[in-house]
Protein chains: 2
Amino acid sequence: MHLAHPALRQPVTAADRVLQEIQRAIVEGDIAAGSKISEPELARRFDLSRAPLREALARLERCHLIERIPNAGARVVTLSTAGLLALYQLRENLEGLACKLAAEHMTDAEITEVRLLLDQHLSSQRVREGESYYQEAGDLDFHYRVILGSKNSYLINILCDELYYLVRMYRVQLGMNGPRVSRAFDEHKAIINAIANRDGELADLLMRRHIAASRRNIELQLQQMGS
Amino acid sequence: MHLAHPALRQPVTAADRVLQEIQRAIVEGDIAAGSKISEPELARRFDLSRAPLREALARLERCHLIERIPNAGARVVTLSTAGLLALYQLRENLEGLACKLAAEHMTDAEITEVRLLLDQHLSSQRVREGESYYQEAGDLDFHYRVILGSKNSYLINILCDELYYLVRMYRVQLGMNGPRVSRAFDEHKAIINAIANRDGELADLLMRRHIAASRRNIELQLQQMGS
DNA sequence: TAGGTGTACATTGTCGACAATCCTGCCTGT
DNA sequence: ACAGGCAGGATTGTCGACAATGTACACCTA
């Protein structure tokens with residue numbers, strides 16, 4: 001039960017490299033949502049054979065960025081309100097559990113580190129007055145730390161490898177940068193406090209609320225775009 | 001968001017077939033836990049080239065039956081108390097959530113069908129006095145139905161595709177056939193009743209308890225084997 | 001004209017061989 | 001004797017070509 005997971009590992013094989021490139025391209029909408037994936041075309045575009053490309057596609061399917069049908073090809077997933085709801089239902093539960101476990105298993109040193117991280121976010125947020133950094137890397141980074149703190153390898157795998165990129169895709173493509181930034185920061189602070197107090201139940205509750213609020217925020221955005 | 005998932009789909013490609021064969025072999029201990037996987041050997045054994053085999057290995061990694069290290073090969077996972085605990089921690093939470101959602105989303109027809117299924121289990125159990133069928137296919141089948149009833153595709157995917165075989169592996173290799181059978185049946189009955197009453201909170205609670213009891217049962221078995 | 005059928009094309013699945021990497025055991029030097 | 005390095009063998013990663021399957025368009029028939 002090793003805790004270092006693939007996402008942090010730097011690419012060693014050609015399939016790893018092309019996977020990261022395609023992941024980024026899909027998450028940022030460079031490859032349009034819902035569009036068909038052509039193996040020969042991508043192989044030419046990234047200048048490698050179909051073997052490593054197919055390996056990459058298999059992993060893309062694993063993190064729900066594409067859907068494959070045997071003998072018929074692959075399509076990039078489409079964003080939908082139903083999908084968002086299903087995704088966040090899961091996140092609420094899983095990250096709640098992660099908080100509960102983190103309250104049991106995180107070391108004091110790890111907790112201190114996360115607090116330092118939050119302070120960095122705060123200053124960088126104030127200095128730049130732009131929320132994008134915080135929302136982009138920071139928020140996810142905080143969640144990342146807490147998830148790792150759960151020390152449950154299956155949970156870590158699901159949240160950091162399989163759902164992570166899909167969550168990012170929704171946030172990036174819907175352009176999340178609203179006024180929720182400072183509130184999110186306070187919520188993070190409250191969560192790490194609960195973990196530090198070894199109050200798993202409270203940490204669980206706070207994280208669920210935090211994610212529910214985030215979901216409502218994105219739902220609103222989706223609604224505005226739809227109308 | 002389609003709800004029919006790969007596990008139910010019959011194999012259409014060579015990779016599908018060999019995947020199912022290796023899955024069964026690992027789950028039933030035919031390929032020993034912890035043993036190294038040799039691609040050339042397996043390719044000869046199943047009489048196909050390495051391309052579809054590697055596809056199958058990728059999916060085996062996805063359901064946590066093997067662990068791969070780049071340029072170094074793959075090993076079958078080893079069973080451990082820590083792994084079992086982590087796995088069941090997750091199951092308690094996820095299947096609890098599945099119950100809650102099933103209470104909201106299952107149709108009356110689906111509920112009736114599950115009840116019929118339970119009655120079948122009961123009679124077949126009484127007739128044969130052997131618990132293996134029930135424990136093997138039946139119990140998992142009940143869980144299967146409830147999970148599908150949640151109508152959350154991500155949740156279904158995680159429980160039915162990624163964790164299902166690992167759970168089976170623990171149960172099969174530790175030879176689960178204790179006196180828990182009739183109690184498990186009653187618990188199933190109580191759960192489906194709660195779902196029928198649309199009491200998601202109770203269904204959640206009952207399922208968590210049900211799985212916790214199952215976990216303690218297996219832990220006991222593991223302890224006895226260890227000593 | 002609408003529906004079904006057949007053929008040609010494109011795409012995916014599979015194969016066997018080559019290249020790159022890692023592990024093993026032996027050899028050498030201190 | 002032991003540590004380090006060096007070759008040999010084996011394994012994994014990648015490639016280009018072939019086979020099987022699915023798709024689309026034209027054609028024929030009713």
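All heavy atoms count here, side chains included; hydrogens, waters and symmetry mates do not. Proteins come first, then strands; the chains are lettered A, B, ... in the order of their sequence lines, and each starts at number 1.
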Spacing of [X] atom [atom1] relative to [N] atom [atom2], expressed in whole Å:
{"X": "B/L42", "N": "D/dT12", "atom1": "CG", "atom2": "C1'", "result": "14 Å"}
{"X": "B/R44", "N": "D/dA10", "atom1": "CZ", "atom2": "P", "result": "11 Å"}
{"X": "B/N71", "N": "C/dT21", "atom1": "CG", "atom2": "P", "result": "7 Å"}
{"X": "A/I69", "N": "D/dT21", "atom1": "CD1", "atom2": "C1'", "result": "14 Å"}
{"X": "B/R68", "N": "D/dG13", "atom1": "CZ", "atom2": "C1'", "result": "10 Å"}

Quiz item: Thinking salt bridges, do B/R62 and B/D161 make one under a 4.0 Å N-O criterion?
Solution: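 A salt bridge is absent here (no side-chain N lies under 4.0 Å from a carboxylate O).
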
Practice problem: May I ask you to decide whether B/E110 forms a salt bridge with B/K151, counting only side-chain N to carboxylate O separations under 4.0 Å? | Solution: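 Answer for the salt bridge query: yes.
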
Quiz item: Taking the six-membered ring of B/F142, is NZ or CZ of B/R145 closer than 6.0 Å to its centre and within 45° of its axis?
Solution: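 Pair B/R145/B/F142 does not count as cation-pi.
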
Practice problem: Answer yes or no for A/R168 and A/Y165: cation-pi contact, defined as NZ/CZ to six-membered ring centre under 6.0 Å and angle to ring axis within 45°. | Solution: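 Ring-cation test returns no.
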
Exercise. Using a cut-off of strictly less than 4.0 Å between a heavy atom of the residue and any atom of DNA chain C, enumerate the qualifying residues of residues 30-40 of chain A by number.
Key: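 Only A/K36, A/I37, A/E39, A/P40 qualify.
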
Practice problem: For A/D30, look at atom CG and say whether over 12 heavy atoms of other residues, nucleotides or ligands are found less than 6.0 Å away. | Solution: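 Yes, because the 6.0 Å sphere around CG of A/D30 holds more than 12 heavy atoms from other groups.
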
Quiz prompt | Criterion salt bridge (Lys or Arg N to Asp or Glu O under 4.0 Å) on A/R115 and A/D119, from CA distance to verdict | solution = CA-CA 6 Å; A/R115 283 187 152 142; A/D119 289 342; over 6 Å; no

Quiz item: Of the options A/I22, A/V76, A/I37, which is the one that meets A/L60 in a side-chain contact (heavy atoms from CB on, under 4.5 Å)?
Solution: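 Of A/I22, A/V76, A/I37, side-chain contact (heavy atoms from CB on, under 4.5 Å) with A/L60 is met by A/I22 alone.
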
Could you list all N or O pairs between the protein and nucleotides 14-17 of chain D that sit under 3.5 Å apart?
residue, atom, partner, partner atom, Å
D/dT14, OP1, A/T13, OG1, 2.6
D/dT14, OP1, A/A14, N, 2.5
D/dT14, OP2, A/T13, OG1, 3.1
D/dC15, OP2, A/S49, N, 2.8
D/dC15, OP2, A/S49, OG, 3.3

Exercise. Quick one: pull up NZ in B/K36 and CD in B/E41 and give me the separation to the nearest 0.5 Å.
Key: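 Taking NZ in B/K36 and CD in B/E41, the distance rounds to 10.0 Å.
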
